[in-house]
Amino acid sequence: MIDYKKSGVHIDRANDFVKDIGRMASSTRRKEVICDIGGFSALTSIPKKYKEPILVSSTDGVGTKLKVADVMNKHDTIGIDLVAMSVNDVVVTGAEPLLFLDYFATGRLNSKKAADIMKGIVTGCKQAGCALVGGETAEMPSMYKGEEYDLAGFCVGIVEKNKIIDGKSVNAGDMVIGIGSSGPHSNGFSLIRQLFTVSELKGKFGRVLLTPTIIYVKMILKLMEKVKVKSVAHITGGGFYDNIPRVVPVFI
């Protein structure tokens, strides 16, 4: 008889992992969330402080930085990168990240590795102030080799309509504040990995490259309370030397 286990999918192990996710995600809960993890969808109310709320959404992945995590066998910070890639895109509009969902797909579910990944996602959500409200864990041995995995994230934020940052009011003479980055964040790793051997990536270069993407949410929102922010942008790209994201420029 053919069943899921014989096809390489371990449902009981996945169900246990989902329960663990629920316990970890509870630490990110916001008062607007009106459901628990585990349902088919997540329910969240609109924060009452907004008079004319606009929802802002973004989705992204970590890309081939995952390959560096595999070489280093270090997976406890890659989840921070996942959250950062979406919440940083949301906050540049002036929006406060409200909720986050993740998609984790693997050839074979390694509970320890998956737990480390989720710890990073939870840490990233805490740094961004958003709630982890759900996601999907997929074990697909016919799609990924062994314990290979991929990650994707989705964020919804909220901003007052009259406080949307769109860059339209930027003028010559405006002050520009450069917020330093932690390095290439999660951009350009298909090229970056070509600059190092596997043995080099297993050492100090790998540790440096796995530095988590900075989550700029709270510092940008705090700055918006003090001054009128006209534009926020990421300087990112595929080039390791010429396009490395050294700063995030903020126009005020």
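In what follows, residues are counted from 1 in the order of the sequence shown. Just so you know, these numbers use all the heavy atoms, side chains as well, and skip hydrogens, waters and symmetry mates.
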Subject >> Interatomic distance, Glu200 atom CD to Leu209 atom CG [nearest 0.5 angstrom] >> reply: 10.5 Å
Original post:
If Ile, Leu, Val, Met, Phe, Trp and Tyr residues are connected whenever their side-chain heavy atoms lie under 4.5 Å apart, and connections chain through other members, are Val208 and Leu66 in the same group?
Top reply: no
Original post:
To the nearest 0.5 Å, how far apart are CZ in Phe154 and CG in Leu82?
Top reply: 13.0 Å
Original post:
Linking I/L/V/M/F/W/Y whenever their side-chain heavy atoms sit closer than 4.5 Å, directly or via other members, would Val232 and Val90 fall into one cluster?
Top reply: no
Original post:
Taking atom OG1 of Thr44 and atom NZ of Lys31, what is their separation to the nearest 0.5 Å?
Top reply: 13.5 Å
Original post:
What closest approach, in Å, do Ile165 and Lys230 show between heavy atoms, and which atom pair accounts for it?
Top reply: CG2-O, 3.3 Å
Original post:
So if you build clusters from Ile, Leu, Val, Met, Phe, Trp, Tyr with side-chain heavy-atom gaps below 4.5 Å, do Ile177 and Met224 land together?
Top reply: yes
Original post:
Heavy-atom distance under 4.5 Å between the side chains of Lys202 and Asn73, does that happen here?
Top reply: no
Original post:
Does the pair Val71 and Lys67 meet the rule for a side-chain contact (heavy atoms from CB on, under 4.5 Å), with working shown?
Top reply: CA-CA 6 Å; Val71 169; Lys67 293 292 187 181; 5.7 Å; no
Original post:
Can you tell me how far NZ of Lys119 sits from CD1 of Ile121, rounded to the nearest 0.5 angstrom?
Top reply: 13.0 Å
**OP:** Count the heavy atoms of every other residue, nucleotide or ligand shown that sit under 6.0 Å from CE of Met143, and state whether that count exceeds 12.
**Re:** no
Subject >> For Ser181 against His185, the heavy-atom pair lying closest together >> reply: CB-NE2, 3.4 Å
Original post:
So, the side chain of Asp60 versus the backbone of Ser86: is there a donor-acceptor pair under 3.5 Å, distance only?
Top reply: no
**OP:** Give the intermediate values and the outcome of side-chain contact (heavy atoms from CB on, under 4.5 Å) for residues Leu55 and Ile46.
**Re:** CA-CA 9 Å; Leu55 296 180; Ile46 301 296; 4.1 Å; yes
**OP:** Of all the heavy-atom pairs spanning Thr106 and Gly146, show the shortest one and how long it is.
**Re:** OG1-O, 4.4 Å
**OP:** Compare all side-chain heavy atoms of Val83 with those of Gln127 and state whether any distance is below 4.5 angstrom.
**Re:** no
Original post:
Distance-only, no hydrogens or angles: does the Glu160 side chain make a donor-acceptor pair with backbone N or O of Lys51 under 3.5 Å?
Top reply: yes
**OP:** Take Asn162 and Glu52 through the test side-chain contact (heavy atoms from CB on, under 4.5 Å) and record every step on the way to the result.
**Re:** CA-CA 8 Å; Asn162 63 3; Glu52 197 171 0; over 6 Å; no
Subject >> Smallest separation among heavy atoms of Leu101 and Gly135, with atom names >> reply: CD2-N, 4.2 Å
Original post:
CD1/Ile215 to SG/Cys130 distance, rounded to the nearest 0.5 angstrom?
Top reply: 7.5 Å
**OP:** Treating Ile, Leu, Val, Met, Phe, Trp and Tyr as nodes and any side-chain heavy-atom pair under 4.5 angstrom as an edge, say whether Leu99 and Val87 lie in one connected cluster.
**Re:** no
Original post:
Are side-chain N/O atoms of Thr213 and Asp81 paired as donor and acceptor at under 3.5 Å?
Top reply: yes
Original post:
Is there a path of hydrophobic side-chain contacts, each under 4.5 Å between heavy atoms of I, L, V, M, F, W or Y residues, that connects Val56 with Ile164?
Top reply: yes
Original post:
Should the ring pair Tyr149 and Phe104 be called parallel, tilted or perpendicular, given that the plane angle runs from 0 to 90° and is split at 30 and 60?
Top reply: perpendicular
Subject >> Spacing of CD1 belonging to Ile54 relative to CD1 belonging to Ile158, to within rounding of 0.5 Å >> reply: 8.5 Å
Original post:
Does a sphere of radius 6.0 Å around NZ in Lys74 hold more than 12 heavy atoms from other residues, nucleotides or ligands, not counting ones at 6.0 Å or beyond?
Top reply: yes
Original post:
Taking side chain as C-beta onward, heavy atoms only, is Leu98 less than 4.5 Å from Pro47?
Top reply: yes
Original post:
Which of these passes salt bridge (Lys or Arg N to Asp or Glu O under 4.0 Å) with Glu96: Lys163, Lys222, Lys49, Lys218?
Top reply: Lys49
Original post:
Is there a donor-acceptor pair under 3.5 Å between the side chain of Arg30 and the backbone N or O of Gly129?
Top reply: yes
**OP:** Start with the C-alpha gap between Leu151 and Asp102, add the side-chain angles, then the distance that decides, and say whether side-chain contact (heavy atoms from CB on, under 4.5 Å) holds.
**Re:** CA-CA 7 Å; Leu151 293 172; Asp102 69 272; 5.7 Å; no
Original post:
Looking at Leu132 and Thr28, what are the two nearest heavy atoms and their distance?
Top reply: N-OG1, 2.8 Å
Original post:
Is the backbone of Pro212 close enough, under 3.5 Å, to the side chain of Thr77 for a donor and an acceptor to pair up by distance?
Top reply: no
**OP:** Compare every heavy atom of Ser169 with every heavy atom of Asp174, then report the nearest pair and how far apart it is.
**Re:** OD2-O, 4.0 Å
